[in-house]
Amino acid sequence: MSELGDFLRAKRAAASVEALPFPSSGRRRVPGLRRDEVALLAGVSVDYYTRLEQGRETNPSAQVLDALAHSLDLTLHERRYAYGLAQIAWVPELAEAPEPVDATLTRLMERWPGAACFVLDPLLDIVAMNRLATNLFQPFSTTRNLVEMVFLDPEGRTFYADWERAATGCVANLRATSGLYAGTARRKELLDRLTSGSAYFAELWAAHEVEPKTHDQKTLRHPAVGEFVIDFDAFEVSALPGHQLVVYRTEPASAGERAFHELSEMSTTSAQDDLVTG
């Protein structure tokens with residue numbers, strides 16, 4: 001027996017017979033699908049699947065695990081768990097377009113007092129921002145992608161007081177978060193835009209530095225509220241594998257706190273204007 005075999009057997013017992021895409025007949029002694037039905041759905045032999053459940057086969061390929069996950073209708077977290085049991089690196093799919101963030105997370109971001117919060121996907125596309133972050137990044141012409149903001153928007157060199165440090169860290173972070181998706185169309189399109197638009201990005205990318213961002217401090221310059229220091233932390237979003245929740249904070253009674261207060265007031269005014277004009 002093996003943990004992977006035990007897991008597959010439990011998920012097979014919990015699977016719905018009604019969901020089978022082909023007719024099934026005969027008396028069932030136990031609930032769930034038969035081994036031959038799972039094998040047929042996954043495109044593997046019954047003998048091979050039986051050996052997996054019995055622990056006599058311990059090295060399934062990623063393709064086999066994907067097929068079994070589809071056959072047994074495993075959740076995202078169950079797929080990740082199955083990969084771990086098989087000791088295979090799990091790579092969540094990269095959607096063709098940035099995925100929306102759950103409303104629960106966006107509400108939490110809005111209720112985080114005095115913090116600018118935004119969510120990055122594996123390509124550092126910004127997929128959600130709270131109102132404070134929206135006003136913080138207002139000087140940029142677009143907030144589609146953080147790396148594009150740093151390298152392709154002229155505002156980037158002004159917004160980040162130590163632009164070269166910010167640029168180096170941004171590229172190393174992109175290497176770390178997007179490395180699993182080498183060869184995907186979305187990643188290639190982003191890299192093409194960046195390398196053709198910035199010789200410095202191309203130089204940094206060629207250096208192959210890999211360093212995910214978890215915590216750092218930066219000095220920002222905002223045209224409306226001046227220069228100030230922020231601390232930021234990045235957290236994994238379990239509901240969206242490969243995504244990061246980034247939180248910008250300031251020290252109490254600092255220029256940063258005053259700047260964030262002014263930006264927050266601007267956000268409130270903007271929201272009220274939207275309600276009036278809406």
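In what follows, every heavy atom counts, from backbone to side chain, and hydrogens, waters and symmetry copies are set aside. Residues take their numbers from the sequence shown, with the count starting at 1.
Linking ILVMFWY side-chain heavy atoms closer than 4.5 Å, directly or via other members, places Leu146 and Leu190 in a single hydrophobic cluster. In the hydrophobic clustering of this structure, Phe118 groups with Leu174; members are Ile, Leu, Val, Met, Phe, Trp, Tyr whose side-chain heavy atoms approach within less than 4.5 Å, directly or through other members. By the rule that hydrophobic residues join a cluster once side-chain heavy atoms approach within less than 4.5 Å of another member, Val46 and Leu41 end up as members of separate clusters.
The salt bridge (Lys or Arg N to Asp or Glu O under 4.0 Å) search around Glu251 returns none, not counting sequence neighbours. For Tyr200, the ring pair (Phe, Tyr, Trp, His ring centres under 6.0 Å) partners two or more places apart in sequence, or in a different chain, are Trp163. For Phe235, there are no ring pair (Phe, Tyr, Trp, His ring centres under 6.0 Å) partners two or more places apart in sequence or in a different chain.
Residue Leu191 holds its CG atom at 8.0 Å from CG of Leu123, rounded to the nearest 0.5 Å. Between the CG atom in Asn135 and the CD atom in Glu262 there is a gap of 11.5 Å [rounded to 0.5 Å]. Expressed to the nearest 0.5 Å, how far CG of Leu245 lies from OG of Ser238 amounts to 11.0 Å. Going from atom CG of Leu85 over to atom CD of Glu3 covers 5.5 Å, rounded to the nearest 0.5 Å. A distance of 6.0 Å separates CG of Leu240 from CD of Glu99, quoted to the nearest 0.5 Å. Note that CH2 of Trp90 is 10.0 Å distant from CG of Asp66, once rounded to the nearest 0.5 Å.
For the 3.5 Å distance criterion, the side chains of Gln217 and Asp231 qualify, holding a donor opposite an acceptor. No hydrogens or angles considered: a donor-acceptor pair under 3.5 Å links the side chains of Asp102 and Thr104.
The 12-atom threshold is not exceeded at CZ of Arg80, counting heavy atoms of other residues, nucleotides or ligands nearer than 6.0 Å. Within 6.0 Å of the CD atom in Glu96, the count of heavy atoms belonging to other residues, nucleotides or ligands does not exceed 12. Remark: Glu211 CD is loosely packed, at most 12 non-hydrogen atoms of other residues, nucleotides or ligands lying under 6.0 Å away.
Taking 4.0 Å as the cut-off between side-chain N and carboxylate O, Glu209 and Arg175 do not count as a salt-bridged pair. With respect to the salt-bridge test (charged N to carboxylate O, under 4.0 angstrom), the residues Lys11 and Glu78 qualify. The residues Asp233 and Arg249 are annotated as salt-bridged, a charged nitrogen and a carboxylate oxygen being separated by less than 4.0 angstrom. Using a cut-off of 4.0 Å between Lys/Arg side-chain N and Asp/Glu carboxylate O, Arg12 and Glu37 are scored as not salt-bridged. Between Glu148 and Arg144 there is a salt bridge, with a side-chain nitrogen of the basic residue lying less than 4.0 Å from a carboxylate oxygen of the acidic one. Checked for salt-bridge contact, Asp216 and Arg165 meet the test: a charged N lies under 4.0 Å from a carboxylate O.
The aromatic rings of Phe140 and Tyr160 sit tilted, their planes meeting at an angle between 30° and 60°. Taking the six-membered ring where the residue is Trp, Phe159 and Phe137 present tilted rings, their angle falling between 30° and 60°.
The backbone N or O of Ala199 sits nowhere less than 3.5 Å from a side-chain atom of Glu203 that would complete a donor-acceptor pair. Side chain of Asn130 to backbone of Arg107: no donor-acceptor contact under 3.5 angstrom is found. Judged by distance alone, with hydrogens and angles left aside, the side-chain atoms of Ser264 form no donor-acceptor pair with the main-chain N or O of His261 at under 3.5 Å.
Between Leu40 and Arg34, the closest side-chain pair of non-hydrogen atoms is not below 4.5 Å.
In terms of heavy-atom proximity, Ser178 sits nearest to Trp205 at OG-CH2, 4.2 Å.
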